[in-house]
4 protein chains.
Amino acid sequence: MLDAADDLLVERGFSGVTMEGIAVRAGVAKQTIYRWWKSKVDILLDTLVDDAEQPLAWRPGSSPAAPEEELTDQLGRVAAFLQEPAGQVLLSLIGHAQLDPETAAKLRDGFLREQRERDLAGLGALLARHTGRPVDERLTGRLLDAALGPIFHQALVLGRPADPATLATTARLVLDAAGREPVPGAGRSSDAE
Amino acid sequence: MLDAADDLLVERGFSGVTMEGIAVRAGVAKQTIYRWWKSKVDILLDTLVDDAEQPLAWRPGSSPAAPEEELTDQLGRVAAFLQEPAGQVLLSLIGHAQLDPETAAKLRDGFLREQRERDLAGLGALLARHTGRPVDERLTGRLLDAALGPIFHQALVLGRPADPATLATTARLVLDAAGREPVPGAGRSSDAE
Amino acid sequence: MLDAADDLLVERGFSGVTMEGIAVRAGVAKQTIYRWWKSKVDILLDTLVDDAEQPLAWRPGSSPAAPEEELTDQLGRVAAFLQEPAGQVLLSLIGHAQLDPETAAKLRDGFLREQRERDLAGLGALLARHTGRPVDERLTGRLLDAALGPIFHQALVLGRPADPATLATTARLVLDAAGREPVPGAGRSSDAE
Amino acid sequence: MLDAADDLLVERGFSGVTMEGIAVRAGVAKQTIYRWWKSKVDILLDTLVDDAEQPLAWRPGSSPAAPEEELTDQLGRVAAFLQEPAGQVLLSLIGHAQLDPETAAKLRDGFLREQRERDLAGLGALLARHTGRPVDERLTGRLLDAALGPIFHQALVLGRPADPATLATTARLVLDAAGREPVPGAGRSSDAE
DNA sequence: TTATAACCGAGACGGTACGTCGCGTCTTAGT
DNA sequence: ACTAAGACGCGACGTACCGTCTCGGTTATAA
């Protein structure tokens with residue numbers, strides 16, 4: 001059933017994914033689908049969990065590598081992921097989340113929250129290695145936005161893959177900012193990260 | 001008709017905007033709507049053009065003002081805009097663009113392209129004032145992504161308004177990067193901006 | 001305009017005759033049509049008056065001719081008329097009269113009433129010549145129904161042209177009945193003719 | 001659903017019978033109607049089969065009764081039927097058959113063909129009892145037209161119930177013609193009955 | 001070994017919205 | 001003054017999916 005949904009999304013786009021269509025393609029009764037999922041969104045969320053976690057994982061710091069190259073690589077993997085079918089599922093769900101609060105809640109409380117935790121851990125470790133000291137989590141959060149923001153901006157708003165130059169610029173920006181930041185978290189109170 | 005569509009979007013969300021509903025609320029025949037717009041997306045695109053240009057305009061450089069404050073203010077206006085009804089229209093359309101290529105094409109070839117041109121001009125001018133020399137347009141493009149990316153990332157992916165700390169961090173990042181960049185556009189060839 | 005309506009009826013059938021279509025075909029604005037006719041039915045009624053009277057006229061008794069042959073000829077003309085375009089207009093209007101009381105009223109108070117008067121006069125004269133004495137008008141009415149009934153029955157109900165044998169049988173029946181009828185109109189009171 | 005259609009026809013006439021209206025009145029979804037019938041004409045055809053067969057049946061010859069009275073009674077039942085709601089359905093469908101060939105085909109290949117067979121059998125038996133010998137079927141057909149023609153002519157063309165005098169005249173005409181017809185079917189070749 | 005229940009495919013059902021057609025009325029330019 | 005052109009409010013069309021709801025017909029134990 002997950003496969004049927006996935007295939008339909010690739011072949012016919014999000015609006016081509018219908019409970020009716022999935023049922024026919026999977027050779028299954030609609031009722032059977034409703035027994036397991038409340039809506040097509042829930043189905044796609046399940047495919048996302050299956051297909052997205054691994055490609056978005058932070059590689060375990062091939063230790064002596066330059067942090068900048070490491071970060072650029074990771075951003076490159078994110079950008080590449082968004083071009084694949086599983087990435088299209090994510091973009092579709094983020095898209096649909098703009099139109100439907102329930103989708104938004106499920107997506108953000110589920111996959112996106114977990115992925116952000118993984119990203120915070122990955123980026124935090126990388127920055128610590130880079131600066132030689134632990135990094136404030138709120139700062140890491142802001143730098144994560146600075147790192148992922150351009151990629152998602154290009155994908156969601158401009159509708160094109162992030163180009164390598166942007167990725168490199170972004171990585172350098174983030175690392176510079178992390179190095180320059182004086183005392184971790186000192187005195188900053190308006191941070192809502 | 002545009003108002004009716006706008007109101008429905010605010011009251012009932014994107015899926016609550018139906019041709020049928022607009023017609024009833026505007027006291028108009030469906031056919032009349034179809035005579036002027038091909039779909040509800042086109043209607044919303046028109047409301048966008050009406051309502052989004054002015055709030056997103058770059059203020060004409062209150063001359064001696066610090067560029068960092070100026071940029072932070074502009075980013076704040078963008079973030080604030082996304083919280084307003086007109087901003088919800090934009091976010092909805094960007095969301096729908098993920099689900100429907102035709103929407104994507106219209107949105108990007110229309111409003112988004114024009115807005116990006118205004119943004120490039122605005123940011124370019126600001127950077128030139130900041131650095132004291134003209135700035136390469138491709139660099140400006142990348143820095144624009146760096147500036148807007150976090151805001152849209154927070155809005156679209158995390159579903160929350162961008163916090164002031166993020167805006168300030170982002171503005172500083174962008175200006176630092178512009179100042180550091182040695183020779184405008186020198187030697188870079190993989191730039192697809 | 002009458003021609004346009006006529007043509008459309010022949011080419012596309014009654015439901016293919018639309019005010020919109022007549023206007024386009026006649027190169028005329030709808031409003032102009034409404035200035036002269038209230039509906040497409042009225043237009044067709046006008047074409048009927050133009051095209052039906054002459055073909056349905058009773059030939060002026062080629063005197064010594066056998067009445068039976070004369071009557072058969074007249075019935076043949078009626079049957080043939082119903083096969084022609086003008087006859088199709090009549091059948092269509094009679095058909096539509098079953099569905100719409102207003103059409104029924106206009107058709108019966110107009111063309112059909114006048115045609116029935118011509119038929120009564122024609123048949124009455126023929127019967128008088130045949131029997132050698134004047135014929136009661138109510139009897140003539142009943143015999144007119146007996147004469148036309150089978151033709152319209154075949155056309156409207158069975159959907160086929162009346163065959164010559166039926167016409168001959170019918171003509172003989174009618175003349176026999178007229179000859180046998182003892183005293184014109186004597187004693188009959190329930191006649192509503 | 002059939003009842004809803006029937007009621008609407010009586011209350012609002014043929015053009016007041018709409019799929020939309022039937023659905024609302026029957027408390028049913030439009031799609032459900034379309035699942036079972038292609039058009040409102042098919043629905044009315046079904047009501048016809050339910051409601052018309054019995055009232056139009058030939059009574060089984062209360063044996064010694066005078067054939068003339070028997071035939072007059074039968075014609076009276078036909079005339080009375082056309083005044084009832086079920087008869088209005090028949091007249092409407094015959095009317096619509098003049099406007100739409102598909103309706104014509106369905107009506108004539110279905111109900112009308114079957115009813116004609118029943119009529120031929122009924123009239124044939126009556127004539128055989130009257131004349132004392134079997135009657136040629138083609139002759140029976142012509143006499144059936146002679147019998148029913150005036151009734152339908154009055155209903156469809158003149159728009160009024162057939163009066164008793166006409167029915168009596170018609171019955172006598174038909175029986176006289178049957179008695180006089182010398183040798184069943186002898187020599188007649190142009191008969192297309 | 002049989003019964004009995006859980007589960008399934010199939011698809012009918014009441015709905016909502018779709019995008020289209022023709023209606024009859026109206027407004028607007030152009031001659 | 002009258003026209004063609006066509007926009008307008010309207011009501012119905014026939015279609016696509018929605019999510020809910022019976023239906024029989026398997027399996028797959030439990031008696």
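Proteins come first, then strands; the chains are lettered A, B, ... in the order of their sequence lines, and each starts at number 1.
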**Request:** Taking heavy atoms of chain B and a 4.0 Å limit, find me the 5'-most and 3'-most nucleotide of DNA chain E within that range.
**Result:** E:dA17 to E:dC21
**Request:** Give every residue pair that meets the salt bridge (Lys or Arg N to Asp or Glu O under 4.0 Å) criterion with at least one member in residues 13-28 of chain D, sequence neighbours excluded.
**Result:** D:Asp7-D:Arg25, D:Glu11-D:Arg25, D:Glu20-D:Lys30
**Request:** Could you name each residue pair satisfying salt bridge (Lys or Arg N to Asp or Glu O under 4.0 Å) that touches residues 82-93 of chain B, not counting sequence neighbours?
**Result:** none
**Fill in**
Sorted by chain and residue number, the side chain to side chain contact (heavy atoms under 4.5 Å, CB included) partners of C:Thr32 (sequence neighbours excluded) come out as C:Met1, C:Val28, C:Ala29, C:Arg35
Which donor-acceptor pairs under 3.5 Å do the side chains of residues 49-56 of chain A make with protein atoms, sequence neighbours left out?
none

**Item:** ring-ring contact (aromatic ring centres under 6.0 Å, His included) contacts touching residues 18-49 of chain C (sequence neighbours left out)
**Value:** none
**Request:** Let me know, please, whether B:Val28 or C:Ala29 comes out on the 5' side of the other along DNA chain F by nearest nucleotide.
**Result:** C:Ala29
Distances for protein N/O vs nucleotides 18-20 of chain F N/O pairs under 3.5 angstrom?
from	atom 1	to	atom 2	distance (Å)
F:dC18	OP1	A:Met19	N	3.1
F:dC18	OP2	A:Met19	N	3.2
F:dC18	OP2	A:Glu20	N	3.0
F:dG19	OP2	A:Tyr34	OH	2.6
F:dG19	O5'	A:Tyr34	OH	3.3
F:dG19	N7	A:Lys30	NZ	3.1
F:dG19	O6	A:Lys30	NZ	2.8

**Item:** Partner residues of C:Arg113 under the salt bridge (Lys or Arg N to Asp or Glu O under 4.0 Å) criterion, sequence neighbours left out
**Value:** C:Glu117
**Message:** Can you list everything that forms a salt bridge (Lys or Arg N to Asp or Glu O under 4.0 Å) with B:Asp42? Sequence neighbours excluded, please.
**Reply:** B:Lys106
**Fill in**
Atom CZ of D:Arg35 and atom C1' of F:dC21 are separated, to the nearest Å, by 12 Å
**Asked** Looking only at side-chain N and O atoms, does B:Trp36 come under 4.0 Å of OP1 or OP2 in F:dC8?
**Response** yes
**Asked** If every non-hydrogen atom of C:Ile94 is compared with every non-hydrogen atom of D:Leu156, which pair is closest and at what distance?
**Response** CG2-O, 3.6 Å
**Request:** Quick one: list whatever passes side-chain hydrogen bond (donor to acceptor under 3.5 Å, both in side chains) with C:Gln115, sequence neighbours left out.
**Result:** C:Arg118, C:Asp119
**Request:** For DNA chain F, find the residues of residues 2-12 of chain D with a heavy-atom distance under 4.0 Å and give them by number; none if there aren't any.
**Result:** none
**Message:** Quick test of your reading: applying side chain to side chain donor-acceptor pair (under 3.5 Å), list the pairs with at least one residue in residues 96-105 of chain D, sequence neighbours left out, ordered by first then second residue.
**Reply:** D:Lys38-D:Glu102, D:His96-D:Thr103, D:Asp100-D:Thr103
